[in-house]
Amino acid sequence: MAQNFDDVQKLGKDHLDNAVKAMTVLTKGYQAIAAEMVDYSKKSFEDGSATIEKIAAVKSLDKVIEVQSDYAKAAYEASVARATKIGELYTDLFKEIFKPYEAAFGKLVPAK
């Protein structure tokens, strides 16, 4: 009887340890993603402000269209690059979250 109780107690402790590890990884991952989003927002605002200044300084409509087109192209490329990077951060985050549980699930599933 005591052996079963010890096993259940150890199993509960292992699950708690895994949950704490997963939450720690989750917190750090979300902090990294939030930092990336803040950095992207700041850079986007700065680029937009710089473009408005350039547009205000030009004298011809052709040049305005050129500056705006260059900005749109650069903004699109930056957006796609950041979306890819943030997607990778999410993928890495969820891989790391489930690492503590891999060992626990490996114990439950018999090897073939």
Side-chain angles (χ1 to χ4, degrees):
M1 180 73 174
Q3 179 64 27
N4 289 338
F5 179 75
D6 290 341
D7 290 343
V8 170
Q9 190 174 12
K10 183 182 180 323
L11 184 63
K13 183 184 178 311
D14 290 345
H15 286 301
L16 180 63
D17 290 345
N18 288 339
V20 169
K21 288 176 188 175
M23 290 306 292
T24 302
V25 169
L26 181 68
T27 302
K28 288 179 183 179
Y30 276 144
Q31 286 174 346
I33 291 167
E36 189 65 34
M37 295 295 285
V38 167
D39 183 51
Y40 173 68
S41 297
K42 182 180 174 187
K43 177 85 168 98
S44 179
F45 180 78
E46 290 170 354
D47 291 347
S49 297
T51 300
I52 290 171
E53 290 174 5
K54 286 180 187 177
I55 289 174
V58 298
K59 304 286 189 226
S60 69
L61 181 61
D62 292 343
K63 188 66 176 169
V64 168
I65 293 171
E66 179 184 332
V67 169
Q68 209 290 331
S69 295
D70 291 344
Y71 169 73
K73 180 180 177 186
Y76 174 76
E77 290 171 354
S79 177
V80 169
R82 289 292 172 124
T84 301
K85 185 172 183 177
I86 290 170
E88 290 170 356
L89 287 172
Y90 272 110
T91 301
D92 293 343
L93 171 63
F94 288 111
K95 284 180 183 177
E96 288 297 314
I97 285 173
F98 289 110
K99 273 187 182 178
Y101 295 104
E102 288 177 354
F105 288 132
K107 292 176 187 176
L108 295 175
V109 178
K112 290 184 179 184

Worksheet item: Quick one: side chain to side chain contact (heavy atoms under 4.5 Å, CB included) partners of T84, sequence neighbours excluded?
Response: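 So T84 forms a side chain to side chain contact (heavy atoms under 4.5 Å, CB included) with V80, E88.
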
Discussion item. Going by the rule side chain to side chain contact (heavy atoms under 4.5 Å, CB included), which residues pair with V38 if we only count those two or more places apart in sequence or in a different chain?
Written reply: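 For V38 there are no side chain to side chain contact (heavy atoms under 4.5 Å, CB included) partners, ignoring immediate neighbours.
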
Discussion item. K99: which residues meet the side chain to side chain donor-acceptor pair (under 3.5 Å) condition with it, sequence neighbours left out?
Written reply: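 Listed in chain order: E96.
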
Worksheet item: Residues in side chain to side chain donor-acceptor pair (under 3.5 Å) with D92, at least two apart?
Response: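 Side chain to side chain donor-acceptor pair (under 3.5 Å) list for D92, sorted by chain: empty.
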
Discussion item. Is there a path of hydrophobic side-chain contacts, each under 4.5 Å between heavy atoms, that joins L89 and L93?
Written reply: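 Shared cluster, yes.
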
Discussion item. Just to verify, what does K42 make a salt bridge (charged side-chain N to carboxylate O under 4.0 Å, His left out) with, not counting sequence neighbours?
Written reply: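 Checked K42 against salt bridge (charged side-chain N to carboxylate O under 4.0 Å, His left out); zero matches.
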
Discussion item. If the condition is salt bridge (charged side-chain N to carboxylate O under 4.0 Å, His left out), which residues does K85 pass it with, not counting sequence neighbours?
Written reply: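 Residues passing salt bridge (charged side-chain N to carboxylate O under 4.0 Å, His left out) with K85: E36.
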
Can you list, pair by pair, the side-chain donor-acceptor contacts under 3.5 Å of residues 19-33, counting residues two or more places apart and other chains?
unit_1 : atom_1 : unit_2 : atom_2 : d
T24    : OG1    : V20    : O      : 2.8
T27    : OG1    : M23    : O      : 2.8

Enumerate, atom names and distances included, each donor-acceptor pair closer than 3.5 Å involving a side-chain atom of residues 51-73, sequence neighbours excluded.
unit_1 : atom_1 : unit_2 : atom_2 : d
T51    : OG1    : D47    : O      : 2.9
S60    : OG     : K63    : N      : 3.3
S69    : OG     : I65    : O      : 2.8

